[in-house]
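Note that these values count all heavy atoms, side chains included, but never hydrogens, waters or copies made by symmetry.
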Amino acid sequence: MATETAATIAVAKRAHTRARRTSRLLSIAVIALAFVLPLIPPFNGQDYTRWLVGAAFMAAMAVAFDFTAGYINIVNFGFAAFVGVGAYTSGLLAANLGISPWIGSFVGAATAGFVGLLTGMLTLRLRGIYAAVMTWFVGLALMGLARNMTEITRGSLGLNVPLLLDTADNLPYYYVILAMLLVTLAVLTIVIRSELGLAFQAIGQNLQVARASGINPTRFLVINFTLSCAFVGWLGGFYAHYYGILTPDIMLTSHTVEVLAVAYIGGRGSLWGPAIIAFPLTIGVELMRTEFSNLPGLHLVLYGLLLIIVMIFWPRGFAGVIRDAGARLEARWAAKSA
């Protein structure tokens, strides 16, 4: 009996090892594809490359959003405003003080993280819809400041800022934002796999049980929220110096809704799911905008329909579908090895 149990455990371990090896190979293949994609027709055209830049930017934002929504169950409806904080900080430093955008982007990250820290300390003692609404109000307040402090931000007239690179080619920008996406995904994945991540997941699954086990929920909620805001502030710096002009529209709630849809369709609590699904979704949306340019806002309808379909049929999103397929494959390997 003991021999049979040991053999079963050994078979399961071998199957699990094969699954992990396959997962690593798939990850390498996806990253390699992301690097060579803009070199393959039709993606080597400037329009497609520009869309790929937008896709990688959306993917990085969705990862940062999922870090909060997927692990501590806080939906940051002011998310886009923190992108704007990082963008305006870096843009103003470059336009007024001549500070390099490469440095300004990190200052923008620190500023957005600090604002996120203050916001978290004020709002994350609340839970559920109350916390979400409070973050939304903070986002509206930040957008109002950007719109009305015209002597600093130029409001709706737009703030012109230096570009990140001295080129009109979109390809170098794509590789910059792709590197930022990989850094964001890697760092936040490491955090999730640490003791901090265990605390986040415990709070997200059951706040009362986490508190009873000795975890201080507010402290870990604020840490998570601050990290998420810092990364989107960093991404906001890229946005500012890629487009070269900033308006308060960057902080619109509709942009938060787009990121939310990508994160949920990709699969909450996975990080990698939103990162992958952002590419086909963003390119599909851009193609739709091109074909139906006389119907502005149609892409939001598409996001809404996809979100409804995913919530009904695949509630764990794209990542859940892949995990289920991996589990079935692992079970087959185990059966063949038995």
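- Going from atom CZ of Phe279 over to atom CG of Leu33 covers 9.0 Å, rounded to the nearest 0.5 Å.
- Shown here is Tyr175, whose OH atom has more than 12 heavy atoms of other residues, nucleotides or ligands within 6.0 Å.
- Residue Phe57 comes nearest to Val83 through the heavy atom pair CZ-CG1, 4.2 Å, listed as atom of the first residue, atom of the second, then distance.
- Side chain to side chain, His241 and Ser105 fail the donor-acceptor criterion of an N or O pair below 3.5 Å.
- Within the 4.5 Å cutoff, the side chain of Phe67 has heavy atoms near those of the Ile192 side chain.
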Test side chain to side chain contact (heavy atoms under 4.5 Å, CB included) applied to Thr123 and Tyr130, step by step: CA-CA 8 Å; Thr123 65; Tyr130 301 103; over 6 Å; no
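- Counting only N and O atoms by type, the side chains of Gln46 and Asp169 include a donor and acceptor under 3.5 Å apart.
- Of the possible polar contacts, one joining the Thr184 side chain to the Met180 backbone as a donor-acceptor pair under 3.5 Å is found.
- Here the CD1 atom belonging to Ile177 is positioned 4.5 Å from the CZ atom belonging to Phe238, to the nearest 0.5 angstrom.
- Of the inter-residue distances, the one linking Thr253 atom OG1 with Trp136 atom CH2 reads 6.5 Å to the nearest 0.5 angstrom.
- Other members of a hydrophobic cluster containing Ile190 are absent, since no ILVMFWY side chain comes under 4.5 Å of it, directly or through relayed contacts.
- Between the side chain of Thr256 and the backbone N or O of Ala80 there is at least one donor-acceptor pair closer than 3.5 Å.
- Residues Ile245 and Met143 fall into different hydrophobic clusters, defined by Ile, Leu, Val, Met, Phe, Trp and Tyr side chains chained together at heavy-atom separations under 4.5 Å.
- Using a 4.5 Å heavy-atom threshold, the side chains of Leu246 and Arg154 count as separate.
- Between Thr247 and Tyr88 the shortest heavy-atom distance is C-OH, 3.1 Å.
- Here OG of Ser90 is found 9.0 Å from CD1 of Ile99. Values are rounded to the nearest 0.5 Å.
- Hydrophobic clustering places Leu307 together with Val301 (ILVMFWY residues linked when any side-chain heavy atoms are closer than 4.5 Å, directly or through intermediates).
- Using a 4.5 Å heavy-atom cutoff, the side chains of Arg219 and Leu124 are not in contact.
- Annotation for Ile215 and Pro217: closest pair O-CD, 3.0 Å, computed over non-hydrogen atoms.
- By the rule that hydrophobic residues join a cluster once side-chain heavy atoms approach within less than 4.5 Å of another member, Ile223 and Leu122 end up as members of separate clusters.
- Heavy atoms only, all atoms of each residue included: Ala81 and Leu142 are closest at CB-CD1, 3.9 Å.
- Taking every heavy atom of both residues into account, Tyr303 and Ile265 meet most closely at O-CD1, 4.3 Å.
- Here the shortest heavy-atom pairing between Phe65 and Asn76 reads CE1-O, 3.7 Å.
- Using a 4.5 Å heavy-atom threshold, the side chains of Tyr243 and Val161 count as separate.
- Note: Phe43 and Tyr48 have perpendicular aromatic rings, judged against thresholds of 30 and 60 degrees for the angle between ring planes.
- Heavy atoms from other residues, nucleotides or ligands lying under 6.0 Å from CD of Glu151 number more than 12.
- Looking at heavy atoms from C-beta onward, Trp314 lies in side-chain contact with Ile309 at the 4.5 angstrom threshold.
- Side-chain N or O atoms of Asp66 include one that pairs as donor or acceptor with a backbone N or O of Gly269 at under 3.5 Å.
- If you take CD1 on Ile31 and CG on Leu185, they are separated by 8.0 Å, rounding to the nearest 0.5 Å.
- The 12-atom threshold is exceeded at CH2 of Trp272, counting heavy atoms of other residues, nucleotides or ligands nearer than 6.0 Å.
- Annotation: side chain of Tyr71 is not in contact with side chain of Leu196 (no heavy-atom distance under 4.5 Å).
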Pair Phe79-Thr135, side chain to side chain contact (heavy atoms under 4.5 Å, CB included): steps then yes or no: CA-CA 8 Å; Phe79 188 83; Thr135 58; over 6 Å; no
Test log, rule side chain to side chain contact (heavy atoms under 4.5 Å, CB included), inputs Asn224 and Ile74: CA-CA 10 Å; Asn224 181 293; Ile74 298 294; over 6 Å; no
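- The same ILVMFWY cluster, assembled from side-chain heavy atoms under 4.5 Å apart, contains both Leu171 and Leu37.
- Under a hydrophobic-cluster definition in which Ile, Leu, Val, Met, Phe, Trp and Tyr are linked whenever side-chain heavy atoms come within less than 4.5 Å, directly or via other members, Val209 and Leu198 are assigned to different clusters.
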Check against side chain to side chain contact (heavy atoms under 4.5 Å, CB included), Leu227 and Thr68: CA-CA 9 Å; Leu227 281 172; Thr68 295; over 6 Å; no
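- Looking at heavy atoms from C-beta onward, Ile322 lies out of side-chain contact with Ile276 at the 4.5 angstrom threshold.
- Counting non-hydrogen atoms of neighbouring residues, nucleotides and ligands closer than 6.0 angstrom, the CE atom of Met288 exceeds 12 such neighbours.
- At a threshold of 4.5 Å between non-hydrogen side-chain atoms, the residues Phe77 and Leu260 count as touching.
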Residue pair Tyr242, Asn170: steps toward the side chain to side chain donor-acceptor pair (under 3.5 Å) verdict: CA-CA 9 Å; Tyr242 173 62; Asn170 287 301; 2.7 Å; yes
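- Between the CD atom in Glu286 and the CD1 atom in Ile283 there is a gap of 9.0 Å [rounded to 0.5 Å].
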